[in-house]
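I'd like to ask some things about the structure below.
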Amino acid sequence: MASEISTEDEIVSGTVSVLLPLALPRPYDYKVPAGVQVRPGSYVIVPLGPQEVIGVVWGEGTGEVGHNRLRPVTEVLDVPPMPEVLRRFVDWVAGYTVSPPGSVLRLAIRAPGALEPPRMRTAYRLGAARPSRMTPARARAVEVAEDGFARTVRELAEEAGVSDGVVRGLVDAGALLPVDLPTEAPFPAPLPDMPGVALSPEQAEAAGLLRGHVEARRFAAVLLDGVTGSGKTEVYFEAVAAALSQGKQVLILLPEIALTSQFLDRFERRFGCRPAEWHSDLSTRERRRVWRGVAEGHVPVVVGARSALFLPFPELGLIVVDEEHDAAFKQEDGVPYHARDMAVVRASLGQFPIVLSSATPSLETAVNAEQGRYARVRLEARHGVAELPDVTAIDMRADPPERGRWLSPVLVREIHKALEAGEQSMLFLNRRGYAPLTLCRTCGHRIECPQCSAWLVEHRFRRELVCHHCGYSAPVPKACPSCGAEDALVACGPGVERIAEEVAELFPQARAAIVSSDNLRGPAAHEAVFAAIEAREVDIVIGTQIVAKGHHFPWLTLVGVVDADLGLENGDLRAGERTFQLLQQVAGRAGRAERPGRVFLQSFMPEHGVMRALVSGRRDEFLAREAAARERVGLPPFGRLVGVVVSAPDAALAQKVAREMSRRVPRTEDVSVLGPAPAPLALLRGRTRLRFLVKAGRSVNIQSFVRAWLEDMKIPNAVRVSVDVDPYSFM
Ligand code: ADP
Ligand code: ZN
């Protein structure tokens, strides 16, 4: 277990315990050489075996190892110490996720180079001395430098219209004196007092409530619950302004990078400059700049993906989680954690408020609001004249598409209408590629991934079959790999590429665009396509879930959901909730300005509760029904779950370890362990996978149970046992 964190920022002498960003069971002791100053939170370099590693001082030494046998700290880095609240947060997350604290620490220092001293560039200022030999060129340079400003060699040479050599000559002669300037540009300060948009009375009231929470400087979790287009962003910007006025730092977590370009523009309109960004597409240099700026307190606002939660804010005073229901907040690899839930913990440790914003709150958050643990602020009306769209279910049994097509005649008519009116349509299908399955007509063989238990998905533009789980790809074969029949392979089912093909045939005059992660590599490509849609250069958008979120297209009036039943196929506990959220978000793209929106759901089960809730718009009723159903069977948020997956390249070995684990399950009344059973993805990247599901009541400390269970298990090197507390994926 981790040693206790020291709370005082006092200098520690003698021995210190240092947490290393590695999957080790606990921090290790080191001795502090005489004359070296370290504090709790200091970043240090220490020896570990033959290596040197960066670690963080977690507290005083534990004294487990005698002082004379300890190795000394090599170096203390010139970085502000990790704030105490972040150290407590790292320990908390480690305890909750049943992960080694060092693995969580790695999330907090994963900014290559950020811990090195900031790079400087050398500039020159004019000194008192003048060179003994003065040429006309030298005189010109001296004249420019007489204003007293520091310039680099290049800058001064350029301004004076002389060669670099002339300037260097002046340096050598001692006339120009070197000064160090930081290479990085400073971060601009957002201006909280710039006038925002004029808020409607409903928005103003909501903003006032949020401001009140910020001004109280206490922990509070607030659900900002407003229909799509109601102005949630404008409203929580007021809370951001309030925190900035207090001199506090603010973190805004967003689920998707694709959101940021429109978002950053809006932020700039409200606050006069762009916030710092934090996500995986940043350059190393930019990451270093942001990480340092945050640590030194120079960055007032960070807009980022989930990992921004582990930045070393010394003065964090507000977190906003936008689209809080989004599954992208769940980290699946490494340390599996839910950024929304951990953000609530971070706010509580830091004693400041957190705003969770959504038009379709997660059931977890809705229940927390219902039971009074979270406050709720509602926005019921769309901004301005915009109305919520009309939602209609198309019964695919009654109005089927023509053979070999996927769009029902009803939807086709609606697209014609929109085209004639000069308005935009969006066809939504959450499936990349051309077809999800390739089948042999002769022998019935289905083409599967050689390393995963999954079908290969045809990507016709790339002329490849691709595994969406491991990335394996192969050219589409001419003959069936099983029976050898030629030209017998048929594509089954649609992906967005296939819908685009149908659209091209049905509406040859329309300009269509596919928006899916395959077609758009990187933020620039996203920006380009969204700008084209905004500029009305596209008539029909065909998109996967990328188009569901956040975007505001004033001319988009028609949304057609090609397969509304798709998400219900996988039977996990959130299938209904997630399908509802996703389709409600997609529907929210229609009619966001003056022109009213229409939404059509193609479904083979229009009587299903999810479809009925979407058509009637009775969200709260739907959530209440879902909640009741989960409460009856003790599923989250009314009970706790932990997924445990055992995997190995060798199936027999995986089974052996799983059997052994099964034998060791501690006997208690309050916890049940289901499994081991082959995971739905029984083979992934060549590894056989077996699943356990641990289920317990809300009041049970399920983490202690799991730790006790796995503590003394000897796990062979080839086997991985991964623990996922509050799992969202049951594959
Ligand atoms: P939500 O996040 O609830 O979907 P947004 O904050 O994105 O809603 O607002 C939808 C659109 O309406 C945006 O273009 C926003 O700028 C605009 N808007 C919202 N409230 C106002 C307001 N009070 N004045 C002017 N424009 C507003
Ligand atoms: Zn695969």
Side-chain angles (χ1 to χ4, degrees), residues 195-208 210 223-240 252 254-256 259-271 320-326 355-361 377-389 433 436 446-457 459 464-474 530 534 548-556 581 584-594 597 647 679-689 731:
V197 295
L199 298 179
S200 71
E202 186 190 48
Q203 291 173 333
E205 191 188 336
L210 296 187
L223 168 59
L224 177 57
D225 179 356
V227 297
T228 52
S230 58
K232 293 185 291 298
T233 315
E234 306 295 345
V235 167
Y236 74 64
F237 275 173
E238 296 312 301
V240 173
I252 302 174
L254 298 178
E256 203 83 12
L259 257 175
T260 53
S261 94
Q262 271 194 341
F263 185 88
L264 297 176
D265 290 345
R266 276 178 82 172
F267 186 93
E268 183 166 3
R269 279 200 295 279
R270 173 64 182 82
F271 294 105
V320 177
V321 183
D322 203 344
E323 311 284 2
E324 68 85 29
H325 60 275
D326 200 295
V355 176
L356 308 175
S357 176
S358 178
T360 53
V377 175
R378 283 191 196 263
L379 292 171
E380 314 263 2
R382 275 196 158 181
H383 167 67
V385 295
E387 297 279 337
L388 282 172
R446 300 160 169 215
I447 303 188
E448 286 197 13
C449 175
Q451 321 180 65
C452 305
S453 32
W455 297 332
L456 292 180
V457 177
H459 284 244
E464 278 181 335
L465 297 174
V466 180
C467 173
H468 284 183
H469 296 283
C470 73
Y472 168 90
S473 67
F530 289 128
E534 253 187 278
K549 290 167 198 168
H551 305 286
H552 185 67
F553 304 124
W555 286 87
L556 184 77
Q581 285 160 350
Q584 176 104 327
Q585 292 283 337
V586 177
R589 296 312 112 209
R592 288 173 65 97
E594 296 84 43
S647 71
L681 256 174
L683 192 67
L684 177 64
R685 295 189 174 87
R687 300 176 74 93
T688 297
R689 302 168 75 243
M731 301 303 278

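Hydrogens, waters and symmetry mates are skipped; everything else that's a heavy atom, side chains included, is used. In listed order, ligands and their atoms are each counted from 1.
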Exercise for review: State the atoms of ligand 1, each with its element, that fall below the 4.0 Å cut-off from a heavy-atom position in Leu199.
Suggested key: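 Answer, ordered by atom number: 23 (N).
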Review point. What is the ring orientation for Phe267 with Phe237, classed by angle as parallel under 30°, tilted 30 to 60°, or perpendicular over 60°?
Key: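 Correct class here is perpendicular.
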Exercise for review: Check for a donor-acceptor pair, side chain of Arg266 on one end and backbone N or O of Gln262 on the other, with a separation under 3.5 Å.
Suggested key: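 The answer is no, because no donor-acceptor pair under 3.5 Å joins these two groups.
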**Study point:** Reported CG-to-SG distance for the pair Leu683 and Cys470, which is rounded to 0.5 angstrom
**Key:**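 Leu683 atom CG to Cys470 atom SG measures 9.5 Å (nearest 0.5 Å).
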**Study point:** Check: Gln203 side chain, Leu379 main-chain N or O, donor-acceptor pair, under 3.5 Å
**Key:**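 Checking the backbone N and O of Leu379 against the side chain of Gln203, no donor-acceptor pair under 3.5 Å is found.
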Point to revise | SG (Cys470) - the Zn ion (ligand 2) - SG (Cys449) angle, nearest 10° | key: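 My answer is 110°, to the nearest 10°.
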Exercise for review: Counting heavy atoms only, name the option from Lys232, Arg266, Gln203, Arg382 that's nearest to atom 15 (C) of ligand 1.
Suggested key: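 Minimum heavy-atom distance to atom 15 (C) of ligand 1 goes to Arg266.
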Review point. Distance-only, no hydrogens or angles: does the Arg382 side chain make a donor-acceptor pair with backbone N or O of Thr228 under 3.5 Å?
Key: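 Yes; at least one donor-acceptor contact below 3.5 Å.
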Check your understanding: the Zn ion (ligand 2) to His469: any N/O/S contact under 2.8 Å?
Key ->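 Checking the Zn ion (ligand 2) against His469, no N, O or S atom falls under 2.8 Å.
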**Study point:** Donor-acceptor contact present, side-chain Ser453 to main-chain Ala682, <3.5 Å
**Key:**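 Yes; judged by distance alone, with no hydrogens or angles, the pair exists.
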Exercise for review: Looking only at distances, please establish whether an N/O atom of ligand 1 is found under 3.5 Å from an N/O atom of Thr228.
Suggested key: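 Between Thr228 and ligand 1 (N or O atoms, distance only) the closest approach is not under 3.5 Å.
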Review point. Sub-3.5 Å donor-acceptor pair from the side chain of Arg689 to the main-chain atoms of Ala679, do we have one?
Key: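 Here the side-chain-to-backbone pair does not exist.
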Point to revise | Metal-centred angle, the Zn ion (ligand 2) as apex - SG of Cys467, SG of Cys452, 10° resolution | key: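 The SG/SG angle about the Zn ion (ligand 2) sits at 110°.
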Review point. Within less than 4.0 angstrom of ligand 1, does Leu379 place any heavy atom?
Key: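 Leu379: no contact with ligand 1 (<4.0 Å).
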Point to revise | Per-atom contacts of ligand 1 with Ala198, taking only distances under 4.0 Å to non-hydrogen atoms | key: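 Selected atoms, number and element: 22 (C), 23 (N), 24 (N).
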Point to revise | Side chain, backbone, both or neither: the part of Val227 lying under 4.0 Å from ligand 1 by heavy atom | key: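 Near ligand 1, Val227 shows its backbone, while the atoms from C-beta on stay back.
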**Study point:** Nearest option to atom 27 (C) of ligand 1, as decided by whichever heavy atom of His383, Gln585, Glu323 sits closest
**Key:**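 Of the listed residues, His383 has the closest heavy atom.
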Exercise for review: Answer yes or no: does an N/O atom from Gly229 fall short of 3.5 Å to an N/O atom of ligand 1?
Suggested key: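 The answer is yes, given that Gly229 and ligand 1 share an N or O pair closer than 3.5 Å.
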Check your understanding: Does any N or O in the side chain of Glu202 come within less than 3.5 Å of the main-chain N or O of Glu380, such that one atom is a donor and the other an acceptor?
Key ->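 It does hold such a pair.
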Point to revise | Cationic N near anionic O, under 4.0 Å, Glu238 to Arg270 | key: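 Looking at Glu238 and Arg270, the cut-off is met.
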Check your understanding: Just which atoms of ligand 1 are under 4.0 Å from any heavy atom in Thr233?
Key ->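 So the atoms of ligand 1 that pass are 2 (O), 6 (O), 7 (O).
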Review point. So is there a nitrogen or oxygen of Val197 less than 3.5 Å from a nitrogen or oxygen in ligand 1?
Key: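 Min N/O separation from ligand 1 is not below 3.5 Å for Val197.
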